[in-house]
Amino acid sequence: MRQPRFALAAYDPESTPHDEIWALCADAKHLFADQPPDRPGLPEGRDTPTEELAEPPVRLLGCSPRGALRDALESGKGDLGHGRVLRLDRQGRPLQQAVEGEVVAWIPSARGRGLVDLALDPWTVRPSRAAGEVWDVWWAGRPTEPNLWARHGIGTEGRPHWLTVARGHTARHGPDAEPGATHHLDGRHITDEPAFYCALGEAVHGPGGYVGRTADTLSDHLRGRRGGLGAPPSRTLVWHEARTARTCLGVTPRAQDRPPSFEELLALLTRLDIEVTLS
C-alpha cells in the first residue's frame, strides 16, 4: 500500500491521546465539512436536487486492518466498533485527530490485496478543508519556512488546527532561548488572536514553533513550565508591522466573548514581564 496518511484508532475516552491502532489507511474521502458530497448530475435547468442529500459517511480507503478490527472483519461480526480517525505525517506520527464515530461498513479495497475500505459514521463535527491544508504543510515534518500558517487556504479557520499540530511538536523544539535574547515578531499577518499565537510561536522557536494558544497557556510557557522566552527579567520582543494588528484587532477592550484587542495583547505581554518594542 502507499504511504498511509490516516490511521483508525480504537475509541477509548480514558486513553490519551488515542488507543490501539486498528488500521493504517492510504487516504480518506468525505472527511471535510465544507466539501460537497458526490452527487449525480441534475436535470437540465435545475440548480438543486429535489431532496437534500444526507451527508455521506467518512470513507477510509486502502486500509490495512489489524488487532480487534481485523478479528471483527474475519469473524463477520456486525459491530465493528467506535474509532478515531487520525491524520499522520510521513513518519507515521499522528498530527491531529480528525473525527470520531462508528465504523458501520466495509468492502474489499481496489487499492490492493488484503486491503479494505471502511465507512465511518461521525458523531463529532468534521474538520474544514483548511485543516487539510495544515496537515499537508506538516506532512514532511516541522516546517522550515516561516509564516506558512498565513498562506492562502489555511486562513482563519485553519489557524486553530495549526496551533494544535504545533503543540504536538513542542518536544521537538530546540533548546530554550538564552536569557536576555531579543525575539522578533513578524506582525504582517496578525489579523486575529490565533494569528498572534502562531506568529509568536515562530518568533520564539522558529517556523512551526508553539508558545501557547490562550493567555493561560502562554503564561505557562513563558514561566518555564513548557520552555519559552528565557528566564526573567530579561525578555525583549520587537513587534514588527504592529499596525496590522492594531488595525485588525482594534484597541477597544474586550467585551463579553469577543477576541482580545491589540492593546489587551500588549498588556498581556507586559504582565508576563516582556518588554515590547513596536516597529
Side-chain angles (χ1 to χ4, degrees), residues 1-35 37-38 54-142 158 160-172:
M1 74 181 282
R2 59 175 283 190
Q3 183 78 26
R5 290 178 175 262
F6 293 90
L8 178 67
Y11 173 77
D12 182 354
E14 303 300 324
S15 179
T16 303
H18 55 79
D19 201 6
E20 173 192 4
I21 297 297
W22 279 352
L24 297 177
C25 305
D27 210 346
K29 192 174 182 181
H30 305 311
L31 177 62
F32 301 114
D34 50 357
Q35 179 176 319
D38 296 336
E55 196 170 32
V58 174
R59 294 183 59 201
L60 298 174
L61 308 176
C63 300
S64 175
R66 56 177 68 180
L69 178 63
R70 181 177 57 195
D71 294 343
L73 296 178
E74 291 177 349
S75 69
K77 182 180 177 182
D79 183 6
L80 299 177
H82 303 152
R84 308 173 192 253
V85 177
L86 310 174
R87 181 60 154 89
L88 306 177
D89 68 9
R90 183 179 288 168
Q91 302 302 316
R93 298 173 299 207
L95 289 174
Q96 187 180 11
Q97 177 178 303
V99 72
E100 298 174 4
E102 181 180 359
V103 183
V104 294
W106 71 278
I107 59 172
S109 178
R111 301 196 175 209
R113 185 176 180 180
L115 302 180
V116 299
D117 294 344
L118 302 168
L120 181 136
D121 187 12
W123 60 48
T124 58
V125 176
R126 303 181 198 219
S128 67
R129 280 179 289 180
E133 295 283 344
V134 171
W135 300 336
D136 288 345
V137 170
W138 286 81
W139 163 251
R142 183 174 166 182
H161 294 283
W162 182 280
L163 291 167
T164 297
V165 175
R167 182 185 179 216
H169 287 68
T170 52
R172 298 168 213 169

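Numbers here simply count residues along the sequence, with the first being 1.
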I need the minimum non-hydrogen distance between Ala23 and Leu69, along with the two atoms involved. CB-CD2, 4.1 Å
Side chain to side chain contact (heavy atoms under 4.5 Å, CB included) partner of Leu86, chosen from Val99, Leu95, Ile21, Leu24: Ile21
Under 3.5 Å donor-acceptor, Gln97 side chain and Arg84 backbone: no
Using 4.0 Å as the upper bound for N to carboxylate O, is an ion pair formed by Asp136 and Arg87? yes
Atom CG in Leu80, atom CH2 in Trp106: separation rounded to 0.5 Å? 9.0 Å
Drop me the distance from Asp117's CG to Lys29's NZ, to the nearest 0.5 angstrom. 10.0 Å
When every non-hydrogen atom of Leu120 is compared with those of Pro122, the smallest separation belongs to O-CD, 3.3 Å
Contact check, side chains of His161 and Glu133, non-hydrogen atoms, under 4.5 Å: no
Indicate the atoms forming the closest heavy-atom contact of Ala26 with Arg111, along with that distance. CB-NH1, 4.1 Å
Side chains of Glu100 and Trp123: is there a donor and an acceptor less than 3.5 Å apart? yes
Considering all heavy atoms, the nearest Arg59-Leu61 contact: NH2-CD2, 3.7 Å
Salt bridge present between Arg5 and Asp27 (N-O < 4.0 angstrom): no
Answer yes or no: is there a donor N or O on one side and an acceptor on the other, between the side chain of Arg126 and the main chain of His30, under 3.5 Å? yes
Within a strict 4.5 Å, meaning less than it, do heavy atoms of the Phe32 and Ser128 side chains meet? no
Cys63 vs Leu8 side-chain heavy atoms within contact, under 4.5 Å: no
The reported gap from CH2 in Trp22 to CG in Leu60 (rounded to nearest 0.5 angstrom) is 12.0 Å
How many angstroms lie between CG in Leu73 and CZ in Arg66, if you round to the nearest 0.5 Å? 13.5 Å
Would you name the heavy atoms of Pro65 and Gly114 that are closest together and state the gap between them? CD-O, 4.0 Å
Check: Asp34 main-chain N/O paired with Arg129 side-chain donor or acceptor under 3.5 Å: yes
Output for pair (Trp139 CH2, Leu88 CG), nearest 0.5 Å, gives 7.5 Å
Got Gln96 and Trp138 here, is their nearest side-chain heavy-atom distance under 4.5 Å? no
